[in-house]
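First the structure, in the form of structure tokens, and then the observations on it.
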Amino acid sequence: MSNRLAAEFIGTFWLVLGGCGSAVISAAFPNVGIGLLGVAFAFGLTVLTIAYSLGHISGAHLNPAVSFGLWAGGRLETSALIPYVIAQVLGGIVASGVLFLIASGTAGFSLSDGFASNGYGDYSPGHYGVNAAFICELVMTFMFLIVIMGATDERAPKGFAGIAIGLALTLIHLISIPVTNTSVNPARSTGPAIFVGGYALAQLWLFWVAPIAGAVIAGFFYKTFFGKKD
């Protein structure tokens with residue numbers, strides 16, 4: 001279990017540092033910024049690289065919602081659920097700390113710019129309200145879990161799960177960055193929110209409740225309708 005938790009910590013650290021780092025440091029860099037498309041691919045690439053490097057150790061969940069969804073789908077033992085979540089959240093917090101140390105090394109840096117935190121209402125990139133944000137996070141996480149469970153099903157083609165999962169996360173970001181800045185991952189949301197404080201912490205509840213609800217529904221749905229029948 002210690003090896004699995006270490007893999008979840010490092011994997012989530014990489015996801016938050018790579019994904020949020022691209023948003024904070026590179027998205028709007030003068031003249032050559034990577035924009036929303038680049039940020040979307042950055043998140044997808046972090047998952048893809050960890051899936052193929054550490055997936056054989058812990059399953060590369062990197063996300064409390066994914067762990068809850070796989071638990072609901074019968075893919076994760078109950079005794080591992082909370083330890084996985086704790087390791088993931090710690091990885092996200094440490095990654096946010098490292099990102100803060102790097103990003104604050106230039107003049108003009110300010111946490112008031114958002115630090116890649118998630119939000120709704122006035123703090124949504126497109127000023128989407130709480131209902132739209134909740135539905136978006138729930139549905140996107142639901143579909144993410146369907147892809148994860150299908151791609152890792154023993155009946156699926158072998159060796160391609162990381163690609164499908166990474167591209168799914170990229171697509172999710174392409175759709176939902178304007179709505180919530182895209183979470184679908186409570187650990188990814190918690191790290192930046194701790195540093196931003198204020199509204200980010202006040203709105204953090206949505207980025208725990210909606211992704212976990214979507215993931216759990218997906219886990220039960222996949223197991224019921226697509227699970228292997230004896």
- Any side-chain donor-acceptor pair under 3.5 Å between T190 and W208?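 Looking only at side-chain atoms, W208 and T190 do form a donor-acceptor pair, the distance falling under 3.5 Å.
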- Message: Under a plain distance cut-off of 3.5 Å, with no hydrogens placed, do T180 and T182 share a side-chain donor-acceptor pair?
- Response: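 Their side chains do not contain a donor-acceptor pair, so the 3.5 Å distance test is not met.
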- Message: One pair to check against side chain to side chain contact (heavy atoms under 4.5 Å, CB included): L169 and V147. What are the steps and the verdict?
- Response: CA-CA 10 Å; L169 188 59; V147 171; over 6 Å; no
Cluster overlap [X] with [Y], hydrophobic side-chain contacts below 4.5 Å:
X	Y	answer
F207	Y128	no
I86	F13	yes
M1	L76	yes
L206	V179	no
V98	L45	no

- Query: Any chance the rings of F226 and F221 have centres within less than 6.0 Å?
  - Reply: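 F226 vs F221: aromatic centres under 6.0 Å.
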- Are R75 and E154 within salt-bridge range, i.e. N to O under 4.0 Å?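 Judged by the 4.0 Å cut-off on N to carboxylate O distance, R75 and E154 do not form a salt bridge.
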Give the minimum heavy-atom separation between [X] and [Y], together with the two atoms involved.
X	Y	value
A60	G55	CB-CA, 3.8 Å
A200	S117	CB-CB, 4.1 Å
R188	N118	NH1-OD1, 3.3 Å
G150	A156	O-CB, 3.4 Å
A218	M149	O-SD, 4.4 Å
A164	A151	CB-CB, 4.1 Å

Is any side-chain heavy atom of [Y] closer than 4.5 Å to one of [X]?
X	Y	answer
N181	S124	no
L111	F100	yes
I50	T46	no
F43	C20	yes
P157	F160	yes
L204	S189	yes
I34	V39	yes
V16	L99	no

How long is the span from the [atom1] atom in [X] to the [atom2] atom in [Y], to the nearest 0.5 Å?
X	Y	atom1	atom2	value
T152	I165	OG1	CD1	6.0 Å
L36	I177	CG	CD1	5.0 Å
Y199	Y120	OH	OH	12.0 Å
S183	Q203	OG	CD	12.0 Å
Q88	L5	CD	CG	9.0 Å
L62	F9	CG	CZ	12.5 Å

- Sidechain-backbone polar pair: E137 side chain, V184 backbone, donor-acceptor under 3.5 Å: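 Pair found, side chain donor or acceptor close to backbone of V184.
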- Side-chain donor/acceptor of K223 to backbone N/O of A72, under 3.5 Å: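 Yes, because the side chain of K223 sits within donor-acceptor range (under 3.5 Å) of the backbone of A72.
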- Chi angles and distances behind the side chain to side chain contact (heavy atoms under 4.5 Å, CB included) call for L171, M143: CA-CA 11 Å; L171 176 58; M143 289 308 305; over 6 Å; no
- Message: Working note: L54 + W14, criterion side chain to side chain contact (heavy atoms under 4.5 Å, CB included); need CA distance, chi angles, decisive distance, verdict.
- Response: CA-CA 11 Å; L54 297 178; W14 183 230; over 6 Å; no
- Query: Can N63 and T12 be said to form a side chain to side chain contact (heavy atoms under 4.5 Å, CB included), step by step?
  - Reply: CA-CA 7 Å; N63 180 340; T12 311; over 6 Å; no
- Query: How are the rings of F115 and F109 set to each other: parallel, tilted or perpendicular (split at 30° and 60°)?
  - Reply: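 The rings of F115 and F109 stand perpendicular, inter-plane angle above 60°.
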- Dump the intermediate steps for side-chain hydrogen bond (donor to acceptor under 3.5 Å, both in side chains) on Y84 and S58, then the final yes or no. CA-CA 9 Å; Y84 263 51; S58 67; 4.7 Å; no
